[in-house]
Peer 1: 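Right, I'll just put the structure down here and ask away after.
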Amino acid sequence: MTPILHHYPTSPFAELIRAALGVKGLAWQSVIIPNMMPKPGLTALTGGYGRTPVLQIGADIYCDTAAILDALETLPGPSLYPAPLGPLHRMIGGWAGAAQFGAHVGAAMRHLPPGVLSPEFIADRKARFGGAFDFATLPLVAPHLESQVFTAAAWIDSALTDGRAFIGGDDLGHGDLALYANIWFLSAMPFAKDAHATVMAHPLLAAWYGRIAAFGHGSPTEISADDAIAIARDAEPAVVVGSVGGGFTTGQAVAVKTEGSGDTPVAGTLTRCDAGGITVMRESGAAGTVAVHFPRIGQIVIPA
């Protein structure tokens, strides 16, 4: 079944997944969603999760890039966790998507002129992400954040001095994609040209970045949110592989909340809760029965 990506063009996490689809060489369907709430077409599928991106395969809905990459790993194409790093790519990806993502946001928006961001966008990010996107204090912390970006760039360049093509060796992996997406965000922000130029002044990093960009984005075809909902309604969730532990039981009513997020927790029936991820089954109305998947790290499971 053709994967469907719910995303918007300027999202760095969406770029990570678009690049992963390119590495896999996959054909996929694209649903463009708003960059702030409400996102009715998306939350009809997820049950409340509103972050970007979300991957859909039939009636299976994957939230968070970690869960999305696990789903893509099962599809044809090169592995996103190649040897010798293998699963260690997840640790690099976790660092890139947390502290380093925040640092790159600071660097990207340090010189943003007043009025560029709408009051609605600022209110959305404050309500949903709290202090992580406090644009009022950004000018105070941005110089420090920018220093973290430049240090990470030096580390990437240094890691490539032995001639390796990618962070783990000859083959690209999740860690490369996560680091790449942060730098891509700098390139996508017109007021971050100086910071981007400083990062790209590292020649080995610049060549590595170019190798990743050359994979492209696969072969997307645009569809509507209503089309995606109809596809979910006409499909059935895949058989869940995994177990339920951590004090929870199979079939238990729970809600799943992303750490640090103001989004509505996703309520459903628990069918998986182990190191490999979390899955809840839910009735979504127009989309019928869907399975919503999350990574285990970064998610809070709450008994209903």
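For reference, positions follow the sequence shown, starting with 1. These figures come from a predicted structure and were not determined experimentally. Only heavy atoms go into these numbers, but all of them, side chains included; no hydrogens, no water, no symmetry mates.
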Peer 1: Determine yes or no for a side-chain-to-main-chain donor-acceptor pair under 3.5 angstrom, with Ser11 supplying the side chain and Tyr8 the backbone.
Peer 2: no

Peer 1: Would the distance check show the side chain of Ser284 and the main-chain N or O of Gly288 forming a donor-acceptor pair, the cut-off being under 3.5 Å?
Peer 2: yes

Peer 1: Quick one about Thr221 and Gln29 (side-chain donor to acceptor, distance below 3.5 Å, no hydrogens or angles considered), yes or no?
Peer 2: no

Peer 1: Check this for me: Ile297, atom CD1, are more than 12 non-hydrogen atoms of other residues, nucleotides or ligands nearer than 6.0 Å?
Peer 2: no

Peer 1: Are Trp28 and Ile4 packed together at the side-chain level, in the sense that at least one heavy-atom pair is separated by less than 4.5 angstrom?
Peer 2: no

Peer 1: Measuring from Thr10:OG1 to Met189:CE, what's the distance to the nearest 0.5 Å?
Peer 2: 8.0 Å

Peer 1: Using atom types as modelled and distance alone, determine if a side-chain donor or acceptor of Arg211 lies under 3.5 Å from a backbone N or O of Ala165.
Peer 2: yes

Peer 1: Hydrophobic clustering (ILVMFWY, side-chain heavy atoms < 4.5 Å, transitive) - are Leu177 and Ile156 grouped together?
Peer 2: yes

Peer 1: Asp263: which residues meet the salt bridge (Lys or Arg N to Asp or Glu O under 4.0 Å) condition with it, sequence neighbours left out?
Peer 2: Arg128

Peer 1: Is there a chain of hydrophobic side chains (I, L, V, M, F, W, Y, each step under 4.5 Å between heavy atoms) that links Leu55 to Val23?
Peer 2: yes

Peer 1: What I'd like to find out is whether the side chain of Ser261 reaches to under 4.5 Å of the side chain of Arg51, using heavy atoms alone.
Peer 2: yes

Peer 1: For residues 75-97, pull every pair meeting side-chain hydrogen bond (donor to acceptor under 3.5 Å, both in side chains), keeping only residues two or more places apart or in separate chains.
Peer 2: Asp70-Arg90, Glu73-Ser79, Tyr81-Arg90, Tyr81-His174

Peer 1: Considering only heavy atoms from C-beta outward, does the side chain of Gln56 approach that of Val290 to under 4.5 Å?
Peer 2: no

Peer 1: Does the ring center of Phe101 lie less than 6.0 Å from the ring center of Phe13?
Peer 2: yes

Peer 1: Could you tell me whether a side-chain N or O of Lys24 sits under 3.5 Å from a main-chain N or O of Leu72, the two making a donor and an acceptor?
Peer 2: yes

Peer 1: Leu16 versus Leu69: any side-chain heavy-atom pair under 4.5 Å?
Peer 2: yes

Peer 1: Could you pull out the closest heavy-atom pair between Leu204 and Leu160, with the gap in Å?
Peer 2: O-CD1, 3.4 Å

Peer 1: Does Trp184 have Arg18 sitting over its ring (NZ/CZ under 6.0 Å from centre, angle to axis within 45°)?
Peer 2: yes

Peer 1: Take Phe294 and Tyr62 through the test side chain to side chain contact (heavy atoms under 4.5 Å, CB included) and record every step on the way to the result.
Peer 2: CA-CA 6 Å; Phe294 299 89; Tyr62 298 89; over 6 Å; no

Peer 1: Does any non-hydrogen side-chain atom of Thr269 lie less than 4.5 Å from one of Val280?
Peer 2: no

Peer 1: Hey, which of His6, His7, Glu222 is the one that makes side chain to side chain donor-acceptor pair (under 3.5 Å) with Ser30?
Peer 2: His7

Peer 1: Is there a side chain to side chain contact (heavy atoms under 4.5 Å, CB included) between Gln299 and Asp64? Walk through the geometry before answering.
Peer 2: CA-CA 10 Å; Gln299 306 298 324; Asp64 190 283; 4.2 Å; yes

Peer 1: Is the shortest side-chain heavy-atom distance between Thr52 and Leu42 below 4.5 Å?
Peer 2: no

Peer 1: Met200, Ile167: one ILVMFWY side-chain cluster at the under-4.5 Å cut-off?
Peer 2: yes

Peer 1: How far does CG of Leu145 sit from CD of Gln100, to the nearest 0.5 angstrom?
Peer 2: 9.5 Å

Peer 1: Is it true that a side-chain atom of Arg233 and a backbone atom of Thr289 form a donor plus acceptor pair closer than 3.5 Å?
Peer 2: no

Peer 1: Could you check if a side-chain atom of Thr65 sits within less than 4.5 angstrom of a side-chain atom of Pro53, using non-hydrogen atoms only?
Peer 2: yes

Peer 1: Hey, mind stepping through Val199 and Leu186 against side chain to side chain contact (heavy atoms under 4.5 Å, CB included) and telling me if it holds?
Peer 2: CA-CA 9 Å; Val199 169; Leu186 293 180; 4.0 Å; yes

Peer 1: Any donor and acceptor pair, going by atom type alone, linking the side chain of Asp60 with main-chain N or O of Val292 inside 3.5 Å?
Peer 2: no

Peer 1: Please check if the side chain of His196 supplies one atom and the backbone of Ala192 the other of a donor-acceptor pair under 3.5 Å.
Peer 2: no

Peer 1: Would you say Trp208's side chain and Asp176's backbone share a donor-acceptor pair under 3.5 angstrom?
Peer 2: no

Peer 1: Take atom CG of Asp194 as the centre, draw a 6.0 Å sphere, and report whether it contains more than 12 heavy atoms from other residues, nucleotides or ligands.
Peer 2: no

Peer 1: Mind checking the CG-CD1 spacing from Leu117 to Ile122? Nearest 0.5 Å is all I need.
Peer 2: 5.0 Å

Peer 1: Where do Thr258 and Ile300 land on the side chain to side chain contact (heavy atoms under 4.5 Å, CB included) test, with the steps shown first?
Peer 2: CA-CA 6 Å; Thr258 301; Ile300 304 168; over 6 Å; no

Peer 1: Check the pair His111 / Phe191 against ring pair (Phe, Tyr, Trp, His ring centres under 6.0 Å), numbers first and verdict last.
Peer 2: CA-CA 6 Å; His111 299 294; Phe191 304 104; 9.4 Å; no

Peer 1: Looking at Asp124 and Met37, would you say the former's side chain and the latter's main chain have a donor-acceptor pair under 3.5 Å?
Peer 2: yes

Peer 1: Does Leu5 belong to the same Ile/Leu/Val/Met/Phe/Trp/Tyr cluster as Ile231, with side-chain heavy atoms less than 4.5 Å apart forming each link?
Peer 2: no

Peer 1: Within a strict 4.5 Å, meaning less than it, do heavy atoms of the Ile278 and Val301 side chains meet?
Peer 2: yes

Peer 1: Without placing hydrogens or testing angles, list every side-chain donor-acceptor pair under 3.5 Å for residues 236-256, not counting sequence neighbours.
Peer 2:
| unit_1 | atom_1 | unit_2 | atom_2 | d |
| --- | --- | --- | --- | --- |
| Ser243 | OG | Asp274 | OD2 | 3.4 |
| Gln252 | OE1 | Thr249 | N | 3.0 |

Peer 1: Taking atom types as modelled, find out whether Lys193 and Ser187 have a side-chain donor-acceptor pair closer than 3.5 angstrom.
Peer 2: no

Peer 1: Can you list the steps and then say if His217 with Glu15 is a side chain to side chain donor-acceptor pair (under 3.5 Å)?
Peer 2: CA-CA 9 Å; His217 291 158; Glu15 175 61 18; 3.0 Å; yes

Peer 1: Just by modelled atom types, is the Pro265 backbone N or O under 3.5 Å from a matching donor or acceptor in the Lys257 side chain?
Peer 2: no

